[in-house]
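Worksheet for the structure shown next.
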Amino acid sequence: MSDQNPVFIPGPTNIPDRLRLAMQMQTRDHRAPDFVDTLLPVLEGAKRVFGTSDGKVILFPASGTGGWEAAVSNTLSPGDTVLVARYGMFSHKWIDLCQRHGLDVQVIDCAWGSGAPADRFEAALSADKAHKIKAVLVTHNETATGVTSDIAGVRAAMDAASHPALLMVDAVSSLASMPFEMDAWGVDICVSGSQKGFMLTTGMAIVAVSPKALAAMETAKLPRTFFSFADMLALNPTGGYPYTPPLQLIYGLRESLKMLEEEGLENVYARHSRLATGVRKAVAGWGLRLVAEAPALYSDTVSAIYVPDGFDSDELTNHIFHEYGVSFGVGLGQMKGRAFRIGHLGMLTDVMVLSGLATVEMAMADLGYPVALGSGVTAAQEYFRTSRPQKLRKAA
Ligand SMILES: *Cc1c(COP(=O)(O)O)cnc(C)c1O
């Protein structure tokens, strides 16, 4: 099997050579007096990606799940009520984490394929006259279903109910690939990770925290040690860390931020949107259906696609893996066997996406799907060919 084929899983994503090299660092002393010169610009640069000037960025050696735990354990107390909607595997797992932390989780169950229900949040918050709900938790981009939710809409619902709960958002599979406006949307904690839009190896939870969340921390009683915001914030400004930092990932993030800024965040978002549109053109060309219920919910980083009745999506992804040496996302939870996923985030280009679409078509033909070779690829080609940014077209 070739290790040169890209992966089309929605994280971890393909690592640009430039970032692989940036992470190939010999050990340096994180207690050396010059570590502060490395750390602070990285924390500052990451704030621009979150869209915050008021917030603080914290880097934990962890995966995104550690970021969820940090968000909850630093700001809430045992028995506190949190309001969460479940519409996929990732929102489900954050709910599970809250329950294991002894929180009273008020769950709004939604169809998988739908997004965060701002109207139902507003109703629940309006009914909570005593303000027992301490936080609203939202998965911005539900990676299991390819659904992006409107965070500004959730904020508007909270404001309409005049409710003081914290707003915590999981943006693990959207940050650095899609617009995120932490300050403008009134987000109190945003959780991300190194291995998706930032195109790095797994191993760092990247979390941004608002002043309001930091104030909540003063009275919050859930235990936290490894994930303590306070320990981090006490030491980071002078280059200190409460334990050994993931040095190679911090160097990687420094380079990743450089790459994102060189391309320009707006261009990064536009590229993701274009690539996603090309994938959706292909899905329509195949005559298949997305799990996401409506165009307003379509994710620009991952598409979950139902296979036709009588077919098994696990068989499809396994066949592609064994026969063509390429990984696509499997159906998770309720979607197991029913849908496969195409991750289209990170360092992808038109050419890479077309190769993935062509491979899916070959595998579908092998397995007797009622999908004609070329039906999706042609649709994507036509779209990519005619929608290239002006600059690229001139240079070509
Ligand atoms: C990947 C992902 C996570 C975090 O997963 P880890 O494996 O812990 O990094 C959380 N939420 C979403 C939406 C994700 O896509």
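Both ligands and their constituent atoms are indexed starting at 1 by order of listing. Computed from a predicted model, the values in this text were never measured in an experiment.
- Each side chain to side chain donor-acceptor pair (under 3.5 Å) pair with one or both residues in residues 23-40, not counting sequence neighbours, appears once here: Arg28-Tyr251.
- Contacts between Lys196 and ligand 1, counted as non-hydrogen atom pairs separated by less than 4.0 Å, involve the side chain only.
- Here atom 6 (P) of ligand 1 lies nearest to Ser63 when heavy atoms of Ser194, Ala171, Ser63, Gly88 are compared.
- Using a 4.0 Å cut-off between heavy atoms, Glu142 makes no contact with ligand 1 at all.
- Counting only residues at least two apart or on different chains, the side chain to side chain donor-acceptor pair (under 3.5 Å) pairs with a member in residues 187-199 are Asp188-Ser210.
- With contacts defined as side-chain heavy-atom distances shorter than 4.5 Å, the pair Leu167/Arg155 qualifies.
- In Val172, the part holding a heavy atom less than 4.0 Å from any atom of ligand 1 is the side chain.
- Inspection of the His344 and Ser303 side chains reveals an N or O donor paired with an N or O acceptor under 3.5 Å.
- Residue contacts with ligand 1: Gln195 is placed with a nitrogen or oxygen under 3.5 Å of a nitrogen or oxygen of the ligand (distance criterion only).
- A salt bridge links Arg271 and Glu263; the closest N-O separation between the charged side-chain nitrogens and carboxylate oxygens is under 4.0 Å.
- Between Asn141 and ligand 1, no pair of N/O atoms sits closer than 3.5 Å.
- Atoms of ligand 1 found under 4.0 Å from any heavy atom of Thr143, numbered from 1 in the order shown, are 12 (C), 13 (C), 14 (C), 15 (O).
- Atoms CG and CG, on Leu76 and Leu103 in that order, are 5.5 Å from each other to the nearest 0.5 Å.
- Taking every non-hydrogen atom of Ser173 and a distance limit under 4.0 Å, the qualifying atoms of ligand 1 come out as 13 (C), 15 (O).
- With hydrogens left out, the protein atom closest to atom 4 (C) of ligand 1 is Gly64 CA, 3.8 Å, a heavy atom.
- In this structure, Phe226 and Tyr243 have parallel ring planes: the angle between them is below the 30° cut-off, well short of the 60° mark.
- No N or O atom of Phe90 sits closer than 3.5 Å to an N or O atom of ligand 1.
- In terms of N/O distances under 3.5 Å, ligand 1 is not approached by Trp68.
- For atom 5 (O) of ligand 1, the closest non-hydrogen atom on the protein side is Thr65 OG1, 4.0 Å.
- Arg120 CZ: more than 12 foreign heavy atoms inside a 6.0 Å radius.
- Counting protein heavy atoms only, atom 11 (N) of ligand 1 is closest to Asp170 OD2, 2.6 Å.
- Between Arg224 and Asp231 there is no salt bridge, since no side-chain nitrogen of the basic residue lies less than 4.0 Å from a carboxylate oxygen of the acidic one.
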